[in-house]
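Let me begin by presenting the structure, written as C-alpha cells, before commenting on it.
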Amino acid sequence: MGTEPRKLCPVSWAHRPANMMNRPPLKVVSGMPILGPFAENWANVQRFQAREGDLLIDTYPKSGTTWISEIVDLILHNGDNKKTQRGAIYERVPFLEYAVPEMPTGTESLNAMESPRLIKSHLPVHLMPNSFWEKNCKVIYVARNPKDVLVSYYHFHRMAIVHPDPGTFEEYLQKFIEGKISYGSWGDHVKDWWKIRQQRNILYLFYEDMLEDPKCEIRKVMKFLGTDLSEDVLEKIHQSTTFKAMKENHMANYRTIPSTVMDHTISPFMRKGTCGDWKRHFTVAQNQLFDEYYEREMADTDLTFHF
Ligand code: PPS
C-alpha cells in the first residue's frame with residue numbers, strides 16, 4: 001500500500017530527572033480536578049486552535065483510549081503495522097492537555113505538528129476548546145463501565161507518579177464516587193458526551209462492545225472515517241489490536257516511558273484488558289455502595305453499561 005506514514009511528534013525522555021513530578025497534588029480548573037502540572041498550562045489548552053481535518057479521540061481515563069488510538073492509526077495506514085511502528089502512541093496521537101515541567105506540552109507538540117492530526121484528550125464536553133466545534137472536527141468517544149474504569153484507574157495511580165497516591169482501594173473508591181480524582185465525575189463525562197453525540201460529528205463507542213465484537217466496532221470506525229478497507233485489512237487491524245498484540249507492542253504499551261515515571265513492575269499499563277475485573281476487587285459492601293452511586297448518576301439518562 002502506498003500511504004505515506006503520517007507525521008508524529010517525537011518526545012524525548014532523555015533528560016528527565018529521576019525524581020520527576022513525584023506525585024504533585026491535583027488542582028481545580030473550571031470546577032474540575034486535574035493533574036497539578038496540567039492546570040499550569042490550562043490557558044493554552046483553552047486557546048488551542050483545532051484545524052479542519054483534526055480527529056479527536058476523547059475518553060474518561062482508562063476507557064480504551066490507547067486501544068482506539070491504535071485502531072484509528074492502523075485504519076489510516078491501511079492496516080500496515082510497520083507504519084504504526086514509526087513512533088510511540090503518545091507521539092502518533094499527542095495528548096492535548098499534557099504538561100509536565102521541562103517537556104513540550106501537548107499544545108506545543110500539536111501546534112508544531114502537520115495536519116492531519118490525531119489528538120487524544122480526556123476533557124469533558126464543557127471544557128473542550130471551542131475551536132473543535134468551530135472546525136466541525138470528528139470525535140471518537142469511548143466509554144467503559146465505571147467499575148472497571150475505577151479498578152484500572154486505581155492501578156494506574158499506583159504505577160504512574162504524575163498522579164497523587166491513590167491510598168487504599170477503599171479510599172480510592174470513595175474519591176472516585178466523589179469525583180475527587182483527575183477529570184472529576186465519571187458520570188458527567190459519559191453523560192455529557194452522550195447527550196451531544198447526535199448534534200455533533202461524534203462516534204460514541206463502548207469498550208465492552210469492542211471486547212465482544214472487535215471487528216464490528218472497527219468497521220464502525222472505518223465507516224465514520226470514510227474508509228472502505230477489505231476484509232483482509234480488517235482482519236489485520238483486528239490481529240494487531242488484540243490485547244495480547246498491544247501488550248507486546250512497545251509502540252503501544254507505554255514501555256518507552258522511563259520506569260521512574262511509569263513503573264510497570266508495580267502494575268503494567270496493559271494490565272488485564274477485560275470486562276469484569278472489578279469483581280476481583282470490590283467487596284460486597286463496596287459493590288452495594290457503588291451500585292447506589294451508579295443508580296443516582298444514571299437516573300437522568302438512557303445511557304447504559306455492561307458490567
Ligand atoms: S489512559 O491512560 O487513560 O489513556 O488509558 P486507556 O488507554 O484509556 O485505558 C487503559 C485500559 O485499556 C486497556 N487496553 C485494552 N483492553 C483490551 N484490548 C486492548 N487492545 C487494549 N489496549 C488497552 C488496558 O489494559 C487498560 O485497562 P485495564 O483494565 O487496566 O487492563
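Sequential numbering from 1 along the given sequence is applied to the chain's residues. Both backbone and side-chain heavy atoms feed into the values below; hydrogens, waters and symmetry mates do not. Worth saying up front: this structure is predicted, and the values here are computed from it rather than measured. Just follow the structure's listing: the first ligand is 1, and inside any ligand the first atom is 1.
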**Report entry** Heavy atoms from other residues, nucleotides or ligands near NZ of K215 exceed 12 (cutoff 6.0 Å)
**Finding:** yes

Among non-hydrogen protein atoms, atom 19 (C) of ligand 1 lies closest to W67 CD2, 3.4 Å

ask   = Under 3.5 Å, is there a donor-acceptor pair linking the side chains of N287 and K147?
value = yes

If you compare H122, M270, K62 by their heavy atoms, the one closest to atom 22 (N) of ligand 1 turns out to be M270

Take K62 and Y207, measure what side chain to side chain contact (heavy atoms under 4.5 Å, CB included) needs, and give me the verdict at the end. CA-CA 10 Å; K62 312 321 285 182; Y207 179 92; over 6 Å; no

Among S152, S267, S182, closest by heavy atom to atom 28 (P) of ligand 1 is S152

_Tell me whether T59 has any N or O atom under 3.5 angstrom from an N or O of ligand 1._
no

If you scan protein heavy atoms around atom 24 (C) of ligand 1, the nearest is F269 O, 3.8 Å

Checklist entry - Would you say the side chains of Q239 and E235 form a donor-acceptor pair under 3.5 Å? => result yes

TODO: Look at ligand 1 and say whether F95 reaches it with a heavy atom at a distance under 4.0 Å.
DONE: no

Looking only at protein heavy atoms, what sits closest to atom 20 (N) of ligand 1 is T241 O, 3.0 Å

Does E292 CD have over 12 foreign heavy atoms under 6.0 Å away?
-> yes

Going by the 4.0 angstrom heavy-atom rule, the piece of K120 near ligand 1 is side chain

Hey, is M246 one of the residues with a heavy atom under 4.0 angstrom from ligand 1? yes

task = Could you walk me through whether N41 and T107 pass side-chain hydrogen bond (donor to acceptor under 3.5 Å, both in side chains), step by step?
result = CA-CA 9 Å; N41 191 46; T107 49; 3.3 Å; yes

- [ ] Indicate whether the side chain of N111 and that of Q49 have a donor and an acceptor atom separated by less than 3.5 Å.
- [x] no

So the atoms of ligand 1 within less than 4.0 Å of a heavy atom of T242 turn out to be 20 (N)

Q.
I'd like to know if Y207 contacts ligand 1, where contact means a heavy-atom distance under 4.0 Å to any ligand atom.
A. yes

Donor-acceptor side-chain pairing of Y154 and S267 below 3.5 angstrom:
no

- Among the clusters formed by ILVMFWY side chains lying less than 4.5 Å apart, do M251 and L8 turn up in the same one? no

For G64, the ligand 1 atoms with a heavy-atom partner under 4.0 Å come out as 6 (P), 8 (O), 9 (O)

of all protein heavy atoms, closest to atom 8 (O) of ligand 1 is T65 OG1, 2.3 Å

Next on the checklist: side chain to side chain contact (heavy atoms under 4.5 Å, CB included), that's the test. Do Y141 and I196 meet it? Break it down for me.
Outcome noted: CA-CA 11 Å; Y141 186 86; I196 66 156; over 6 Å; no

What I want to know is whether G273 and ligand 1 share at least one N or O pair that is separated by under 3.5 angstrom.
yes

Atom 11 (C) of ligand 1 has as its nearest protein heavy atom R144 NH1, 3.8 Å

Within less than 4.0 angstrom of ligand 1, does D148 place any heavy atom? no

Contact region, P61 to ligand 1, non-hydrogen atoms below 4.0 Å, reads both

Side chain of R86, backbone of R6: donor and acceptor closer than 3.5 Å?
yes

The protein heavy atom nearest to atom 7 (O) of ligand 1 is T66 OG1, 2.5 Å

